[in-house]
Amino acid sequence: MTDTDKPINFIQHVINADLEAGHVTKVVTRFPPEPNGYLHIGHAKSICVNFGLAAENGGGCNLRFDDTNPEKEDEEYVNAIIEDVRWLGFEWQGDICYASNYFDQLYTWAQYLISEGKAYICELNAEQMREYRGTLTQVGKNSPYRDRPASESLDLLEQMKLGAIDEGTMTLRAKIDMESPNFNMRDPVMYRIKKMAHQRTGDKWNIYPSYDFAHGQEDAIEGVTHSVCTLEFAANRPLYEWFVANLPLPSTPRQYEFGRLNLNYTITSKRKLKQLVDEKHVAGWDDPRMPTISGLRRRGVSASAIREFCDSLAVAKTDGVVDMAQFEHFIRDDLNNNARRAMCVMNPVLVTLANYEADKSESFTVPGHPNRDDMGERSLAFGRQIFIDRNDFSEDTTLSRKKFKRLVIGDYVRLRSAYIIRADEVIRDGAGEIIEIVGAIVPDTVGKDAPEGIKARGVIHWVSALESADCTVKIYDRLFNKAAPDAGDESFLEHINPESLTVISGCKVEAGLANATAGDHYQFEREGYFTRDIVTDSGELVFNCTIGLRDNWK
RNA sequence: UGGGGCGUGGCCAAGUGGUUAAGGCACCGGGUUUUGAUCCCGGCACCGGAGGUUCGAAUCCUCCCGCCCCAGCCA
């Protein structure tokens, strides 16, 4: 993959200028998720941008958990996020960072701002604070507690910390400007009381810093030079800069915002994804239909496909909706190059080749991949009885060769990597259902062209009846049947596709895949890309369809 | 409505006064092919609108229109 002529984005332009001017010598970025859910495809873009910017400039990227709100956070999420970032192929600089590691420092800085007359303890409750904040057209008004003595605020803050004050009755606020046209500057809350244990600091704190009071300082402590986030934080930037300017920080980070990734036919809101899990609309965060990293992984999407897709996205300030087809292109492109080929008959019907001796069997050696010698070879068992897909057979002899390139009664078709065969008759059960096709091979056609006068209509896949493994295949369709499930008046739940999962049992896969490893990628020829699902206690052989092959015909 | 941000083909986008207006996805033709896949070739825009500045504008100015974000003690 060469990206030599890939245009450079606006953040790289800024970095280039900073490097040139000597403002920074080493570029440091960070990926700062709150551990309140699993990572999804939207985060993947952010991860690629942040780690990518650091790597391309010889710098480093931190993985930092923004765990400032114990109410929503959980260690399960921390572990899942670490696993996902690693799986995506990224390595962070140094140890994993946590906002909670800086709680003491943050507290000291809060005291500093109070003593500087730039912060105060406010006793307005949530509702009153909203009233005092003003509206889009009206400026806010000062809190009656705004000018209380610093010593009093200092004492009250200490009591809040110790747990002596009731939740919701007091907050620490920055004293900025209640008349600012930017709401974030109207004396924002720096600390709120939450008498709740934190997954990492335990019962030590009864107050927790807000995002705004924590983020820039976290960046500064870690020496982050370019704090890259998504567009919705643009309005927080002035506040970010205010804290950076008014606190004695060890470095001066700068914030830049780019457009987050939106994909059609899916949602990328942790809250809603969590709802899908909690309300059991899907089997879990790693359900193969989920746009989560873990879901995509279980679905069979490779990390490199996700990376290539993210790299194809622009880092810009427009907020568009990327077509799912673009993601699918990169999924297929990667799998086409890297997935071993195999054959799986999903809707099997028995074919008996009457002119093939009953006791005879052969083994054909075929490439693991059509143009990748490094993928070696595999062997296919062949015998008198094989399975082909019911959809690859028709009794309608009027079907044109162009329209139906498969097996038709009385006509020839090529078995992929094997003989050309002919269908002669069908055997039905009591209900009239075809249970067997009787035909014949055309001798000496393995690896050779058809003899004069015989023309195969096409090539179909097959599997030996004697030597094949039974398996179950799960086919997935989009989780939502509306391009923008989030838009409109109805809930996104109204647009869940009731047919997003199809389970097909009784499939026959070539014997070599009986012990496939979960996570290995295969192309089932003429069908699509598949991966073995997480192996359960029953050990059942289940393949998840990652994505079908393209088909433009008909 | 106050503030911030954005508008280039169906979608994502390069472009920073002089280009035949990159590229990818999608789509439409055609070729190769023991996967109706892959691969290969070809096709596919006057830049939200209206004025203006200029020899020359997607790029500069003015006005207008549209979309997104901000009124959590969420991040």
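Below, chain A is the first sequence line, B the second, and so on; all start at residue 1.
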> Could you pull out every donor-acceptor pair under 3.5 Å between side chains of residues 159-174 of chain A and any protein atom, sequence neighbours left out?
| residue | atom | partner | partner atom | Å |
| --- | --- | --- | --- | --- |
| A:Q159 | NE2 | A:D155 | OD2 | 3.0 |
| A:E167 | OE2 | A:K195 | N | 2.7 |
| A:T169 | OG1 | A:D166 | O | 2.6 |
| A:R173 | NH1 | A:D187 | O | 2.8 |

> Are A:T318 and B:rA13 close enough that a side-chain N or O sits under 4.0 Å from OP1 or OP2?
yes

> Strictly under 3.5 Å: I want the nitrogen or oxygen pairs between protein and nucleotides 40-45 of chain B, one per line.
none

> Given B:rC11, B:rU34, B:rA75, which nucleotide is nearest the side-chain atoms of A:T68?
B:rA75

> Rounded to whole angstroms, how far apart are CZ on A:F309 and P on B:rG23?
21 Å

> About how many Å separate OH of A:Y240 and CG of A:N184, when rounded to the nearest 0.5 Å?
14.5 Å

> Can you figure out which of B:rA71, B:rC73, B:rU34 approaches the side chain of A:T135 most closely?
B:rA71

> Taking CD from A:E257 and P from B:rG4, how many angstroms apart are they, rounded to a whole number?
13 Å

> Which of the following nucleotides, B:rA22, B:rG72, B:rU35, is nearest to the side chain of A:R341?
B:rU35

> Under 6.0 Å from the CD atom of A:E377, do we count more than 12 heavy atoms belonging to anything else shown?
yes

> Describe the nucleic acid contact of A:F233 in one word from base, sugar-phosphate, nothing, applying a heavy-atom distance below 4.0 Å.
base

> Can you figure out which of B:rG36, B:rA75, B:rC73 approaches the side chain of A:F404 most closely?
B:rG36

> Does any N or O donor sit under 3.5 Å from an N or O acceptor when you compare the side chain of A:R414 with the base of B:rU34?
yes

> Looking at every strand, decide which applies to A:K405 at a 4.0 Å heavy-atom threshold: base, sugar-phosphate, or nothing.
base

> If you measure only the distance, is there a donor-acceptor pair under 3.5 Å linking the side chains of A:S227 and A:R30?
yes

> When you get a sec, tell me which of B:rU38, B:rG4, B:rA14 is the closest nucleotide to the side chain of A:R550?
B:rU38

